[in-house]
Amino acid sequence: DVKVTQSSRYLVKRTGEKVFLECVQDMDHENMFWYRQDPGLGLRLIYFSYDVKMKEKGDIPEGYSVSREKKERFSLILESASTNQTSMYLCASASSGSLMNEQFFGPGTRLTVL
Amino acid sequence: DAKTTQPPSMDCAEGRAANLPCNHSTISGNEYVYWYRQIHSQGPQYIIHGLKNNETNEMASLIITEDRKSSTLILPHATLRDTAVYYCIVREYNTDKLIFGTGTRLQVFP
């Protein structure tokens, strides 16, 4: 079975802390994505990666960075967390080869920044 | 910005067909229509996609109008487990990006 896992389901951090959100997929997918989901705004793309050590900005990259050192792992980093980064964070992966390949999503991490 | 418009909510009786509409009047000729759904507390799940022709799989059917300006997702026999938010997405050509809107919250009732 296809699987995308995220390191935590719930996370509470303080303003100014550095936050790491980890995502691991076991499908040997080349492409990985980070989204955030907020009420009334749907899902918005933060960053994505087509290959190891490669990254592309999505629609809302400000305040975030990413790391892809291994094919199966894609990390989202909040260098200095702020209250407006309180959100649900969703990771997804997809195989390359066809641009129409479906994205498989993890269960999400609900981050609260106090 | 999302290129689709969906009603915010719909109800459907269990066992009946659920028909979820989507408008995408600015779709380009080489853009596909995708549908995902998100059940409470879970990540989105792929349902189906299409370009011009109607499509059917084990989960649903997708009907796209001839001018491609709108589409309808059909769940033929809705169950309580189909209660979810359904997202209609126009997939940007030549990238893997999915741009989600706010979706339709489908409530299936007994």
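So you know, we letter chains A, B, ... as the sequences are listed, proteins then strands, and number each from 1.
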Partner chain B: residue of A:Arg110, A:Arg44, A:Arg9, A:Met88 with the largest heavy-atom pair count (under 4.5 Å): A:Arg9

Cluster companions of B:Ile39 among Ile, Leu, Val, Met, Phe, Trp, Tyr (side-chain spacing under 4.5 Å): none

In one Ile/Leu/Val/Met/Phe/Trp/Tyr side-chain cluster, 4.5 Å: A:Tyr50, A:Leu45: yes

Side chain / backbone / both / neither for A:Leu43 at chain B, heavy atoms under 4.5 Å: both

Verify same cluster id: A:Phe20, A:Leu90 (apolar side-chain graph, 4.5 Å): no

Transitive ILVMFWY side-chain link B:Trp35 to B:Leu75, under 4.5 Å: yes

Donor-acceptor contact present, side-chain B:Tyr36 to main-chain A:Gln103, <3.5 Å: yes

Side chain, backbone, both or neither of A:Glu56 within contact of chain B (heavy atoms, under 4.5 Å): neither

Residues that A:Asp59 engages under salt bridge (Lys or Arg N to Asp or Glu O under 4.0 Å), provided they are two or more places apart: B:Lys97

Straight-line distance of A:Glu102 CD to B:Ile47 CD1, nearest 0.5 Å: 11.0 Å

